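Inspection log for the structure reproduced underneath, given as structure tokens.
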Amino acid sequence: SLTQKLQGVFQRLRGKGTLKEQDITEALREVRLALLEADVNFRVARDLCARIKEKAVGQEVLESLTPSQQVIKIVHEELCALLGEDESRLQYASRPPTVILMVGVQGSGKTTTCAKLAHLIRRQGRRSMLVACDIYRPAAIKQLEVVGAQVGVPAFTLGDRTDVVDIARAAVERAREQGVDVLIVDTAGRLHVDQVMMDEVARLEEALQPQEALLVLDAMTGQDAVNIASEFAGRLNITGFILTKLDGDTRGGAALSVRAVSGKPIKFVGVGEKPEMLEPFHPERMASRILG
Amino acid sequence: LFTGRGRVDEAFLDELEETLIESDVGVHTATRLVGELREAARREGIETSEQLRDRLVSLMAGLLQDERRPLRLAPEPPALILVVGVNGTGKTTSIAKLAYWLRGQGKKVLLAAADTFRAAAIDQLELWAQRVGVDIVRHHEGADPAAVVYDAVQAARARGADVVIADTAGRLHTRVNLMEELKKVHRVAERALGRPVDEVLLVLDATVGQNSVSQARHFAQALPLTGILLAKMDGTARGGVIVTIKDELGLPIKFIGTGEKPEKLAPFNPQEFAAALFA
Ligand SMILES: Nc1nc2c(ncn2[C@@H]2O[C@H](COP(=O)(O)OP(=O)(O)OP(=O)(O)O)[C@@H](O)[C@H]2O)c(=O)[nH]1
Ligand SMILES: Nc1nc2c(ncn2[C@@H]2O[C@H](COP(=O)(O)OP(=O)(O)OP(=O)(O)O)[C@@H](O)[C@H]2O)c(=O)[nH]1
Ligand SMILES: [Mg+2]
Ligand SMILES: [Mg+2]
């Protein structure tokens with residue numbers, strides 16, 4: 001573990017007499033390795049290590065009897081600071097329907113997470129409706145209908161031959177007629193560098209003016225997480241992230257990367273395929289997981 | 001480039017190492033490769049940064065080289081390709097692409113809808129079968145996936161199909177019960193064929209980082225994987241993690257997926273892949 005590695009480093013360095021600033025630099029190499037192994041983007045890791053070094057050098061680590069513990073404490077604090085607060089709340093509209101737009105790259109878990117959110121919202125006593133705006137993926141609409149049915153929530157669809165903006169507008173109309181509180185809009189997976197598809201989702205956001213635009217990202221995403229987050233946050237008013245598939249053994253460094261590049265909160269984490277497997281984001285738990 | 005007699009420009013080597021890390025090669029593999037490059041540079045008297053970069057590309061291409069590409073199908077039909085991997089990597093779509101590719105080679109293909117778990121998974125594969133013009137064997141949702149594969153092999157014999165491609169449900173490699181289910185599907189497939197499964201392909205998502213190594217390790221422990229299909233290489237992710245996987249597990253990379261249409265599949269080319277990391 002990182003704690004053991006740092007202990008080893010400091011034991012060896014202590015053997016040579018009092019600790020110097022360059023010894024901190026050496027210890028931080030282990031921190032940088034741990035972050036990179038955890039898929040933290042290498043620039044984010046470098047900036048983070050620079051901040052950690054500043055703090056470590058300034059905090060009498062050099063005089064401490066337990067320098068490795070001090071450094072771990074600083075590392076943990078810096079990670080938690082970057083990961084942000086426990087902000088697992090949805091922003092509701094003053095006049096319904098609240099609109100939540102779900103976006104992300106292919107296969108990240110959007111459709112499944114739409115149903116999870118519907119389930120959560122239902123437990124909070126509100127009525128939601130899913131909107132089938134993925135008109136490309138084979139059987140995407142059917143998939144949304146099936147997962148919606150599993151949580152007792154209807155899916156609004158106009159089929160796959162209608163423009164997504166028209167579908168969305170019609171869904172808003174239907175929501176108003178039926179007194180639906182929340183609309184959860186599923187969209188097709190799209191590459192952040194596919195201009196046509198990014199234009200589509202920008203038009204959708206423009207038409208819907210959603211209260212939430214959530215980027216659904218696979219927690220195992222590697223160095224590319226910064227590219228995905230910055231492109232989506234650049235084109236849209238992303239209000240938060242949902243990290244999925246955290247029930248696996250990925251360290252989840254993508255969490256740090258998306259926070260560093262966008263400043264938007266991670267609102268929820270997906271921890272399984274079933275509708276109840278959505279949890280609030282806990283920064284301290286994520287920090288420990290990233291450090292391994 | 002040489003700042004002294006036989007001393008290589010460390011700043012440039014750092015840059016190369018950063019490019020590798022940024023491509024998801026992984027910090028330990030990247031450091032090791034750059035170390036090998038440094039040795040090669042000294043031995044071979046490499047002089048320019050361009051030559052240094054080209055030498056690294058050839059180092060990596062050599063590592064990724066494998067004669068076991070692309071597909072090795074038994075001459076006596078039906079051959080079976082079993083497609084596995086974690087959730088959302090691109091298995092179902094890649095099967096449509098493989099079917100299209102094999103059909104283009106004049107092979108008669110039959111799909112087996114053995115993802116009987118995920119919502120609308122069977123529908124998704126059925127639509128692909130129609131689109132690509134191949135037959136499909138399916139049961140109902142919740143059916144035994146092994147039974148679907150068994151039936152598909154029998155149907156292939158009856159209908160004279162050359163290749164069966166079996167889709168399976170996405171599963172995290174850390175779910176022991178789901179990995180046991182997959183082992184059972186594989187055993188039943190072998191029994192149906194009366195010989196080893198021709199290809200057991202692990203589909204990896206190029207945007208995933210170091211976790212792909214854990215995925216490959218776990219799936220390789222459960223099944224006799226024959227190769228990797230690296231999907232979603234049309235984004236900005238470079239898929240460098242396969243260098244570590246090839247190095248540590250010896251698994252050949254067979255195909256690259258470069259889009260969502262049936263023709264967006266190419267046999268893996270180690271030289272092109274390595275060069276693209278530095279493009
Ligand atoms: N283990 C696990 N699997 C998940 C989680 N979230 C989603 N999945 C699975 O991931 C796969 C992809 O999920 P989808 O909901 O189809 O993903 P998507 O983003 O809608 O995919 P596209 O629409 O094609 O872009 C499915 O097999 C889901 O069951 C999670 O938190 N944990
Ligand atoms: N851009 C791009 N998208 C791809 C590629 N391969 C698959 N996809 C997309 O990735 C998403 C998931 O693909 P699927 O084929 O459903 O993935 P899967 O592994 O079968 O998913 P599960 O069965 O839920 O585990 C879909 O939106 C596909 O269109 C690729 O090479 N490039
Ligand atoms: Mg979807
Ligand atoms: Mg599938």
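Remember, it's a predicted structure, so these values are computed and weren't measured experimentally. By convention in this document, chain letters (A, B, ...) are assigned in the order of the sequence lines, proteins followed by strands, and residues within each chain are numbered from 1.
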Query raised in the report: In terms of heavy-atom contacts, does OH of Y100(B) have more than 12 from other residues, nucleotides or ligands at under 6.0 Å?
Result: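 Check fails, neighbour count at 12 or below.
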Can you see which heavy atom on [X] is nearest to which on [Y], and at what distance?
| X | Y | result |
| --- | --- | --- |
| R32(A) | I21(B) | NH2-CD1, 4.0 Å |
| A139(A) | A120(B) | O-CB, 3.8 Å |
| A119(B) | V146(A) | CB-CG1, 3.6 Å |

Query raised in the report: Does a salt bridge link E273(A) with R175(B), judged by any charged N lying under 4.0 Å from a carboxylate O?
Result: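 Salt bridge flag = no for R175(B) with E273(A).
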Requested in this report: For each of G88(B), A96(B), S212(B), tally heavy-atom pairs with chain A at distances under 4.5 Å, and name the one with the top tally.
Outcome: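 Ranked by contacts with chain A, first place is G88(B).
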Requested in this report: Tell me yes or no: between the side chains of D249(A) and H218(B), is some donor less than 3.5 Å from an acceptor?
Outcome: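 There is no such pair between these side chains.
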Heavy-atom distance under 4.5 Å to chain B: side chain of [X], backbone, both or neither?
| X | answer |
| --- | --- |
| D194(A) | neither |
| R46(A) | side chain |
| R251(A) | neither |

Query - Sub-4.5 Å side-chain heavy-atom contact between L33(A) and H28(B) - result: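 L33(A) reaches H28(B) side chain to side chain.
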Query raised in the report: Looking at OG1 of T250(A) and CG of L172(B), how far apart are the two atoms once the value is rounded to the nearest 0.5 Å?
Result: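 The CG atom of L172(B) is 10.0 Å from OG1 of T250(A), to the nearest 0.5 Å.
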Report task. For side chain to side chain contact (heavy atoms under 4.5 Å, CB included), just list the numbers for R137(A) and Q124(B), CA-CA rounded to whole Å, side-chain angles, deciding distance to a tenth of an Å, and then say yes or no. Result -> CA-CA 8 Å; R137(A) 170 172 154 155; Q124(B) 183 187 8; 3.5 Å; yes
Sort [X] into side chain, backbone, both or neither according to what part of it lies under 4.5 angstrom from a heavy atom of chain A.
| X | result |
| --- | --- |
| V86(B) | side chain |
| E260(B) | side chain |
| V208(B) | both |

Report task. Select all residues of residues 127-144 of chain B having any heavy atom within less than 4.5 Å of some heavy atom of chain A, and report them by number, or 'none'. Result ->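 Against chain A, the residues of residues 127-144 of chain B that fall inside the cut-off (heavy atoms, under 4.5 Å) are L127(B), W128(B), R131(B).
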Requested in this report: Check whether any side-chain N or O of K142(A) sits under 3.5 Å from a backbone N or O of D123(B) as a donor-acceptor pair, and report yes or no.
Outcome: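 Between the backbone of D123(B) and the side chain of K142(A) there is no qualifying donor-acceptor contact (under 3.5 Å).
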Query - Proximity of residues 217-225 of chain A to chain B, residues having a non-hydrogen atom under 4.5 angstrom - result: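 Hits under 4.5 Å: M220(A), T221(A), G222(A), Q223(A), D224(A).
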